[in-house]
Amino acid sequence: MELKCMAEKSADSIAEVFTAFLKLGLTSFGGPIAHLGYFRTEFVERRKWLSESSYADIVALCQFLPGPASSQVGFALGILRGKSLLGGFAAWFAFTMPSALVLLAFAFGATAFTGPFAEGILHGLKLVAVAVVAQAIWGMASSLTPDRERAAIALAAVAIVVFVGGSFGQIGAIVLGAVAGLWLCRGNGPALTGHLGFSVSHRLGVIALVLFAILFLVTPLVATTTGSQGLALFDAFYRSGALVFGGGHVVLPLLQAEVVTPGWVSNADFLAGYGMAQAVPGPLFTFAAYLGAVMVPAPNGLAGASIALIALSLPGLLLVYGMLPFWDALRLRPRAQAAMRGTNAAVVGILGAALYDPVWTSAVLTPRDFAVALAGFLLLTVWKLPPWIVVVILAAAGAALRLI
């Protein structure tokens with residue numbers, strides 16, 4: 001009888017988690033920083049699932065790790081409230097699926113967009129990408145490169161990405177940021193406090209971290225040996241998800257190197273989907289569902305979308321689950337904090353390089369394109385309009401320019 005009551009209580013908690021995050025998945029516009037604000041309002045203030053300090057501690061953990069911060073925080077909150085890994089998956093699924101389904105539908109319908117009007121809308125979505133990435137750099141630079149040392153790291157990251165190119169350039173920039181941070185960024189931030197109260201055992205944490213490493217190191221070897229396109233697709237998105245520091249926008253250059261460079265997705269389709277991703281609620285990582293669907297080699301369609309979305313999200317979720325038992329001790333070490341500051345600065349440089357190529361070079365083709373993109377940037381940064389409204393305005397402007 002007692003076991004039955006416990007099972008029912010656990011099921012009720014998981015259902016509560018799913019319902020709460022489904023509501024947020026349908027309504028949370030504005031990107032990862034806005035999502036964290038929605039989470040705080042819903043779970044700290046309204047539902048009182050946890051205290052302010054505990055929430056801040058979870059956010060600190062997810063910002064320390066690569067991956068989509070808002071999805072990782074939601075995953076951790078689901079584990080906390082649902083008292084199990086199943087609660088975490090319920091939170092991730094409910095928060096992610098609404099926008100993933102919208103982008104999947106857009107992928108299936110994008111090929112039907114023909115004629116000047118439709119092409120103008122798609123070009124307007126590319127200009128949205130220019131405005132949104134510029135806004136992300138503007139905001140991140142002010143907080144992540146506030147001094148000369150971190151600005152120098154960002155500049156060096158730009159140089160590495162430009163001269164090396166591809167995924168090796170981005171990985172090299174991230175490694176440089178961490179190493180330079182150990183040397184240049186000690187004592188450049190406030191001391192961290194707080195305590196996490198998750199009941200995840202050290203054994204389960206180690207298993208998750210080992211699984212993360214195995215998938216990261218072994219999958220590319222198996223994909224190369226077997227020649228499997230499905231494994232190659234999984235590896236490309238998994239590797240990108242494992243290297244994303246600083247929020248969802250940073251995945252743009254990583255994915256561009258993985259899917260556009262080998263010719264799996266055209267640059268035009270890539271930027272149109274990225275622009276559309278700004279108009280939907282939920283995490284930006286659902287962009288992966290669109291890319292997996294529009295791939296030229298199979299698997300694509302629904303199968304490709306599922307592989308890409310799971311592969312991009314999985315490393316961040318494994319890292320959060322694996323680090324929960326160890327975070328309290330690690331986060332207080334000055335070296336870990338210094339390395340993270342350097343990595344965050346490098347992220348600004350990577351995103352800055354991506355703003356030029358592929359975003360700017362593929363979207364801003366005329367002075368009128370520049371004027372529309374600048375208007376979108378100002379609407380986001382000065383007038384503070386929600387991103388979905390800016391998407392509508394710039395898509396309409398793109399269509400109008402094609403018809404003039």
Side-chain angles (χ1 to χ4, degrees), residues 17-18 20-22 24-25 28 30-40 42-44 49-50 54-82 84-100 136 140 144 174 192 194 196-198 200 204-205 208-209 211-213 215-216 237-251 254 281-288 309-328 330-331 336 340 343-344 347:
V17 167
F18 182 87
F21 277 94
L22 181 61
L24 290 168
S28 296
I33 301 302
H35 297 163
L36 296 179
Y38 291 132
F39 289 170
R40 180 186 171 279
E42 183 71 16
F43 302 124
V44 176
W49 283 6
L50 71 170
S54 295
Y55 178 71
D57 213 31
I58 293 173
V59 172
L61 167 61
C62 297
Q63 289 178 332
F64 177 81
L65 298 172
S70 60
S71 294
Q72 290 172 308
V73 169
F75 179 69
L77 291 172
I79 294 173
L80 179 68
R81 186 63 178 179
S84 67
L85 184 59
L86 185 59
F89 284 129
W92 175 82
F93 185 84
F95 186 58
T96 301
M97 280 308 107
S99 57
M140 292 171 66
L144 299 181
I174 290 171
L192 299 177
L196 290 171
F198 289 89
V200 178
L204 289 176
L209 294 176
L211 180 58
F212 164 83
L215 291 173
F216 187 80
F237 280 82
Y238 185 89
R239 194 167 353 106
S240 297
L243 295 172
V244 177
F245 287 88
H249 294 294
V250 183
V251 80
L254 297 173
L284 187 60
F285 266 38
T286 53
F287 178 40
L309 180 58
I310 292 172
L312 191 64
S313 301
L314 184 58
L317 302 185
L318 286 173
L319 285 172
V320 168
Y321 192 76
M323 286 299 299
L324 285 175
F326 307 104
W327 177 237
D328 272 334
L330 179 62
R331 65 193 290 271
M340 192 59 208
T343 300
N344 286 338
V347 160

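Hydrogens, waters and symmetry mates are skipped; everything else that's a heavy atom, side chains included, is used.
- Remark: Tyr321 engages no residue in a ring-ring contact (aromatic ring centres under 6.0 Å, His included) (not counting sequence neighbours).
- Here Ile174 contributes atom CD1 and Leu254 contributes atom CG; the two are 6.0 Å apart, rounded to the nearest 0.5 Å.
- When every heavy atom of Phe18 is checked against every heavy atom of Ala94, the shortest pair comes out as O-CB, 3.4 Å.
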Candidate pair Ile79 and Val320, rule side chain to side chain contact (heavy atoms under 4.5 Å, CB included), full reasoning: CA-CA 11 Å; Ile79 294 173; Val320 168; 5.7 Å; no
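- Note that CG of Leu309 is 5.0 Å distant from CE of Met97, once rounded to the nearest 0.5 Å.
- Annotation for Gly25 and Pro98: closest pair O-CB, 3.7 Å, computed over non-hydrogen atoms.
- Every residue two or more places apart in sequence or in another chain that forms a ring-ring contact (aromatic ring centres under 6.0 Å, His included) with Phe75 is listed here: Phe89.
- For Ser99, the side chain to side chain donor-acceptor pair (under 3.5 Å) test picks out Thr286, with sequence neighbours left out.
- With sequence neighbours excluded, the residues satisfying side chain to side chain contact (heavy atoms under 4.5 Å, CB included) with Phe216 are Tyr238, Arg239, Ala242.
- No side-chain heavy atom of Leu284 sits under 4.5 Å from any side-chain heavy atom of Pro68.
- Using a 4.5 Å heavy-atom threshold, the side chains of Pro66 and Leu319 count as touching.
- Of all non-hydrogen atoms in Phe326 and Leu209, the two that sit nearest each other are CE1-CD1, 4.3 Å.
- Two residues are said to be in side-chain contact when any heavy atoms from C-beta on lie closer than 4.5 Å; Ser71 and Phe285 fail this criterion.
- Two residues are said to be in side-chain contact when any heavy atoms from C-beta on lie closer than 4.5 Å; Phe43 and Leu80 fail this criterion.
- Counting all heavy atoms, side chain and backbone alike, Pro325 lies closest to Gly205 at CG-CA, 4.2 Å.
- Separation of atoms CG (Leu77) and CD (Gln72) is listed at 12.0 Å; rounding is to 0.5 Å.
- In this structure, Val17 and Gly82 approach most closely via the heavy-atom pair CG2-N, 4.0 Å.
- Residues Val200 and Met323 form no side-chain contact, since every pair of their non-hydrogen atoms from C-beta on lies 4.5 Å or further apart.
- Taking CG from Leu50 and OH from Tyr55, the interatomic distance works out to 8.5 Å, rounded to the nearest 0.5 Å.
- Looking at heavy atoms from C-beta onward, Leu324 lies out of side-chain contact with Leu204 at the 4.5 angstrom threshold.
- Taking the six-membered ring where the residue is Trp, Trp49 and Phe21 present tilted rings, their angle falling between 30° and 60°.
- Heavy-atom minimum distance, Gly241 versus Pro315: C-CG, 3.6 Å.
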